[in-house]
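In what follows, a structure is listed as C-alpha cells, so that the remarks can point back to it.
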Amino acid sequence: MTADATGAEPADRRPTGIPDRPGLEGLEASWSARWQSAGTYAFDRSAPRESVYSIDTPPPTVSGELHIGHVFSYTHTDAMARFHRMRGKAVFYPMGWDDNGLPTERRVQNYFGVRCDPGLPFDPDFEPPDDPPKDPIAVSRPNFVELCRQLTVEDEKAFEQLWRTLGLSVDWTHSYATVGEVAQRASQRSFLRLLGSDHVYQRTAPTLWDIDFRTAVSQAELEDRDRPGAYHRIAFPRADHPGPAVEIETTRPELLAACVALVAHPDDERYRPLFDTFVRTPLYAAKVPVLAHELADPEKGSGIAMVCTFGDTTDVVWWRELHLPTRTIIGRDGRLLPVAWGTEGWESTAPAEAAAHYDQVVGKTVKQAQTRLVEQLAESGALIGEPTPITHPVKFYERGDRPLEIVSSRQWFVRTLPMRDKLLERGEELEWYPPYMAHRYRSWVEGLNSDWNISRQRFFGVPFPVWYPVGADGEADFAAPIPATEDRLPLDPSTDVPTGYTPEQRGVPGGFVGDPDVMDTWATSSLTPQIAGRWEDDPDLFGRVFPMDLRPQSHEIIRTWLFSTIVRSEIEFGSLPWSHAAISGWVLDPNRKKMSKSKGNVVTPLPLLEQHGADAVRYWAANGRPGTDTAVDEGQMKVGRRLAIKVLNASRFALGRLADETGAIAVPGPEAITVPLDRSMAARLAGVVSEATAAFEGYDYARAIERTETFFWSFCDDYLELVKTRAYGDPAQPGPASARAALALALSTQLRLFAPFLPFVTEEVWSWWRTGSVHRSAWPTASELDGPASGADSKVLEVVAEVLGTVRRAKTTAKQSMRAGVAVLTVTDTAERIDALLSAVDDLKDAGGVAELITVIGSEPAVDVVLDIQD
RNA sequence: GGGCGUUUAGCUCAGUUGGUUAGAGCGCAGCCUUCACACGGCUGAGGUCGGAGGUUCGAGUCCUCUAGCGCCCACCA
C-alpha cells in the first residue's frame, strides 16, 4: 500500500495493536503532543509553489473572550487544510494573533491603571504598580505598547492551547502577531512604498470622529443604528429682502450656531426666488445665504435644509461643493466649543445677544445642548409648533456608544476611489464560496464614497514611520514629511530620531516631531499574506506561498479585511492576494440569536470540548454548510461523539478479524477481494470517495462528511453484520480472505475520509495497525478501489441489505431478539435482483440466522419471513 | 430605496444539473443486553416541500407574482 509513503514519522510510530477497551478520553492531549513532536503538520518549505497550498488564516482578536464561533470557522479551514495535505500538497497553514488596536488598549488601561501620553519619552525602567492606581499613570507610547504586549502574550497562550485541543493542523513555527516586529516592519514598509508611489496622501478634512475614543474612523467601520429623534421646525427671518421667514426642519437644532447656509433643490419653485438671498439664524443673528443644490430633497421636511459644519456627510458635500465657510462648534470630546460672536467668521448683527444665548450651551454635550437650544428657540418664537418625534438611522462607530460627529482633522488616506473599477474586476476574478458572497463585496466597492482613512489618533498600533520638520516658528510642517528609510524598520517616531537629527532637536524650532498617530488596525491586517509569508524578509518563502490559495473568513468583515487585503495586494503586486475566499457563517446561540457580550449569550468552547471531546465538537462544526449561520447544538455534538465511539468500536471489530492468535494484524492486499458482496461494497465506497473528493474540491466540506458518515453507518449496520461470520473463517480460503481484505481496504479508506473531520479518533485507530500518521497518508482515490470495484454489481449489497432489513423488521414486529432464528425466508423479486441476492446467500443466512431461503422470480417484489419460534 | 440569502417532518437541516412511493439526525414510541459498541443496536409513527399562478409527459428542484424571517449596501436634513 502506498498510503504511508508520505508519512515521515519516527520509529515509535509503529502499530500498537488493538487495545482491549478503546476510548476517546485523553486523545486530544496525547495526539496533539505527538503531532507537535513529530512535526506532523510542518510546512515543507522546499516545495515549489505549484505543490504548495497556502492559507491566509484569520488572526483572531486575542484580547477578547474565546468564542465558539472561532471553533466553528477554524474547524472548516482545518478540514480543508487536512484534505489538501493528504492530497500531497505542502500546506502552509500559519497562525496569527490580532493583538493590535482598541480592544487591547482598553484592557491594558484598566488592568495596569495607566494611560498613554505619546508626548512622553520612553522610560526603560518603568514597571507598572502591583495594584492599579485610581489616577492612571501617564506612560510613553513605547511603554504602553510594551504593557499591551505583556498582556496579549497571556491571551495568545490560551488561544494556542484551545487550538491544539481542537486539533488544528497549524504549523506553529509560522506564527505572527499584528503588533509583532514582522507585522510592524511589513506595515511600515508598505506605507513608505505607498507614500513613494503617491498611493497615500495626507489631508486636513472633515472626518468621521468618535468622541469617546477620540479618534477618526473610516467608512468601513461605520454602522447605522436607528435612534429616536425629532424634526424641529425653525423659522429663519429674511435678511436683506422683505418676506415671510423661511422655515426649515432639522433633527439637530443644537448645530444652529454652526449653520452656514440653507439649501433647496434648484427646481423647487417654492424656494427658487430665495436663491442667493440671505436669511438670519435665530438666536445668533448670523447672516447665511440660501443656495441651490441637487442633493436637497423637496420631499423631505419643508424641502429646504440647514447646512451646518458639520451635522452629517451631506453637509460635507454641500460645504465642499458650494464653497461654504466653516463654523466649528463641536469639539473632539463632543462638547460645544467657545465661540467669539462678532469676530471674523462669527459675524452677527446682534453679537451680544448671540453670545448670551450661546453662553448657555457652551461646554455642554450635544444632547444637553439640544435640550437647552430647543427651550431658547421656543422662548424666542423661532420654533414653529412642537417637535415631531421620528426614528431615524444615525451613524455610529461599530464599537462606539455615541453617535459619530464630523470634525476637521489631519489624516492619512489611501487612494481607493480611483481603484474602484480595478477592485470590482478583482472581485469577479476571485472564487467565492459560497458564490453569492461576491455580492457583498461588489455592493461595498460600488458604494465607496471616500478614500480609506488609515490613521487613528490612538496608541497601540503601528506608528507611521515619518517625522515632520519644525520651523523657526515652532510649527510642524506637515506638508514636508521626513520618511524613514526601509532599513531602519520597524521604528517608532515618538522615540526614534530621523536620520541627520539628534534627540535634542525633538519638538524645538529647527528640529523635528514624530507623526503622533498609529495606523488603523486594518492597515496592518490587510497585509496578513505578506506578514505570514515574510514578504521581503524571506523572499524565498514568500515566493512559495504568495499569492495564497485560500482566504477563509466570516462574512461581516468582507468590507474591511477582505476588501483592504485586495486593495493592498493590488497596489503592491497588481494581483489578487489569494485565488479562493471561503466565507463562513456565524454561530448563533441555541435559540438562533446572534451572540453578543451585552446579551450575555456568548458560548465559550472549552467546556464543550471537555464534555463532548474535540472530534465531537468538530463534527458539529463540519456540518455547518459554507456561509450558513449555524446554531450551537449540543445534540449534534453528542451525535459526533457517538460517531467517534462507533469508529473506535467498528474498527476494533473489523481489525479483530485480521489479527492472528498473537494479536498481530495481517493486512491482506485488495487482490484477494473476489466475493461479489465484498466487491459490491467496494464499488459503493468508490462512489463515496469520488463524491467526497469532488465536494472538498468545491470547498463543500459539509457534503464530504455527510456522504462519508452515511456510508459508514450502513457499513456498520449491514456490511459488518453480513461478513462477520465469513471473516472468521480459514484465511487461506477465498471467501474469508476476500472478507478480510475488504475489511482492511474499507477501514483504511474510511479512516482517511474521516481524518479531516475527526483527526483524533482516526489517528488513534490508524496507530493500532498502520505505520505513520493518517494525516500524512494519501487521500483515498477511486482508483485505489478499482481492482475490486470495477465490474462489480453494486446491487448486491443493496439487495441483501434490503432483505436483511425486512428480516429485522419481522423480528422486531414479533418482539423477538435479533438473534432469533428464521425457519423460512421467501423472497420474490426480479431475476436480476434474485441473482444478486443469491451471490451472497451464505452471508445473508449467517447474518439473519436464516435456515432456508426460497427465492421466487416475480413482478411484485415481496419478502416473506417465517420465524422459527422456539418455546 | 437597491441587493442577497432563507422558508422542506415537533426541532435542526440534506435534497448537486427537474424524473418512479420527499431524506437524515435529534426528539418521540416500541423492541433487543453473553459473543465490537447501553457513551449501544434494531424497528416504527410523523412533512406534499411559506402562499398563488405558470412552463413541462413530469417540479421541493425552472419562471412570474406574493408573504414572513435574516443579512448586506445606500448622500434618510
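The sequence lines fix the lettering, A, B, ..., with proteins before strands; numbering per chain opens at 1. Here the structure is a predicted model, which means the values were calculated and not measured.
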As a test of reading the structure: which of [options] is closest to the side chain of [X], going by heavy atoms?
{"X": "A:T628", "options": "B:rC37, B:rA14, B:rA77", "value": "B:rA14"}
{"X": "A:D633", "options": "B:rU12, B:rA14, B:rC75", "value": "B:rU12"}
{"X": "A:W713", "options": "B:rA74, B:rC32, B:rG41", "value": "B:rG41"}
{"X": "A:H392", "options": "B:rA77, B:rU16, B:rC75", "value": "B:rA77"}
{"X": "A:P393", "options": "B:rG15, B:rC76, B:rC37", "value": "B:rC76"}
{"X": "A:T812", "options": "B:rG30, B:rA36, B:rA14", "value": "B:rG30"}
{"X": "A:D717", "options": "B:rA36, B:rU43, B:rG41", "value": "B:rG41"}
{"X": "A:Y231", "options": "B:rG30, B:rC37, B:rC76", "value": "B:rC76"}
{"X": "A:T313", "options": "B:rC37, B:rG30, B:rC75", "value": "B:rC75"}
{"X": "A:V639", "options": "B:rC26, B:rC39, B:rA36", "value": "B:rC26"}

Residue mapping more 5' on RNA chain B - nearest nucleotide basis, A:W318 or A:E556: A:E556
5' priority, RNA chain B, between A:S651 and A:I248 [closest heavy atom]: A:S651
Nucleic acid contacts - residues 430-448 of chain A versus RNA chain B, non-hydrogen atoms under 4.0 Å: A:Y436, A:H439, A:R440, A:S443, A:W444, A:G447
Flag for A:E709-A:Y619: side-chain donor and acceptor within less than 3.5 Å: yes
Say you pick atom [atom1] in [N] and the same atom in [M]; how far apart are they, in whole Å?
{"N": "B:rU21", "M": "B:rG58", "atom1": "P", "result": "14 Å"}
{"N": "B:rA67", "M": "B:rA74", "atom1": "P", "result": "26 Å"}
{"N": "B:rU8", "M": "B:rA14", "atom1": "C1'", "result": "10 Å"}
{"N": "B:rG10", "M": "B:rG46", "atom1": "P", "result": "12 Å"}
{"N": "B:rC75", "M": "B:rG2", "atom1": "C1'", "result": "14 Å"}
{"N": "B:rC11", "M": "B:rC28", "atom1": "P", "result": "15 Å"}
{"N": "B:rG18", "M": "B:rC63", "atom1": "C1'", "result": "13 Å"}
{"N": "B:rU56", "M": "B:rU16", "atom1": "P", "result": "23 Å"}

Using a cut-off of strictly less than 4.0 Å, decide whether [X] has a side-chain nitrogen or oxygen near OP1 or OP2 of [N].
{"X": "A:R559", "N": "B:rC73", "result": "yes"}
{"X": "A:R809", "N": "B:rG44", "result": "yes"}
{"X": "A:R642", "N": "B:rC26", "result": "yes"}
{"X": "A:Q636", "N": "B:rC11", "result": "no"}
{"X": "A:R808", "N": "B:rU43", "result": "yes"}

Closest non-hydrogen atom pair between A:P22 and A:P19, with its separation: CD-O, 3.9 Å
Distance (rounded to the nearest 0.5 Å) between [X] [atom1] and [Y] [atom2]:
{"X": "A:L256", "Y": "A:T281", "atom1": "CG", "atom2": "OG1", "result": "5.5 Å"}
{"X": "A:W522", "Y": "A:R559", "atom1": "CH2", "atom2": "CZ", "result": "10.0 Å"}
{"X": "A:L373", "Y": "A:E254", "atom1": "CG", "atom2": "CD", "result": "7.0 Å"}

NZ or CZ of A:R652 within 45° of A:W768 ring axis and under 6.0 Å: no
Taking atom [atom1] of [X] as the centre, does the number of heavy atoms from other residues, nucleotides or ligands within less than 6.0 Å exceed 12?
{"X": "A:E697", "atom1": "CD", "answer": "yes"}
{"X": "A:E446", "atom1": "CD", "answer": "yes"}
{"X": "A:K638", "atom1": "NZ", "answer": "no"}

Full working for side chain to side chain donor-acceptor pair (under 3.5 Å) between A:T830 and A:E832: CA-CA 5 Å; A:T830 62; A:E832 200 182 18; 5.0 Å; no
Watson-Crick and G-U pairing of RNA chain B, under 3.5 Å, as dot-bracket with | and [ ]: (((((((..((((.....[...)))).(((((.......))))).....(((((..]....))))))))))))....
Check: A:Y271 ring centre within less than 6.0 Å of A:F236 ring centre: no
Which part of the nucleic acid, if any, lies within reach of [X] when heavy atoms closer than 4.0 Å are counted: base, sugar-phosphate only, or nothing?
{"X": "A:E294", "result": "nothing"}
{"X": "A:N449", "result": "sugar-phosphate"}
{"X": "A:R641", "result": "base"}
{"X": "A:A694", "result": "nothing"}

Polar side-chain contact A:K646-B:rC37 base: donor and acceptor under 3.5 Å: yes
Provide, to the nearest angstrom, the distance between the [atom1] atom belonging to [X] and the [atom2] atom belonging to [N].
{"X": "A:L588", "N": "B:rC71", "atom1": "CG", "atom2": "C1'", "value": "11 Å"}
{"X": "A:F711", "N": "B:rA24", "atom1": "CZ", "atom2": "C1'", "value": "17 Å"}
{"X": "A:R420", "N": "B:rC73", "atom1": "CZ", "atom2": "P", "value": "15 Å"}
{"X": "A:D226", "N": "B:rC71", "atom1": "CG", "atom2": "P", "value": "12 Å"}
{"X": "A:L24", "N": "B:rA36", "atom1": "CG", "atom2": "P", "value": "19 Å"}
{"X": "A:M637", "N": "B:rC13", "atom1": "CE", "atom2": "P", "value": "14 Å"}
{"X": "A:H265", "N": "B:rC75", "atom1": "NE2", "atom2": "C1'", "value": "13 Å"}
{"X": "A:D297", "N": "B:rA77", "atom1": "CG", "atom2": "P", "value": "10 Å"}

Side chain proximity check, A:V803 to A:D829, heavy atoms < 4.5 angstrom: no
Contact check, side chains of A:T251 and A:I390, non-hydrogen atoms, under 4.5 Å: yes
Syn or anti for B:rG46 (syn when the glycosidic angle lies within 90° of 0): syn
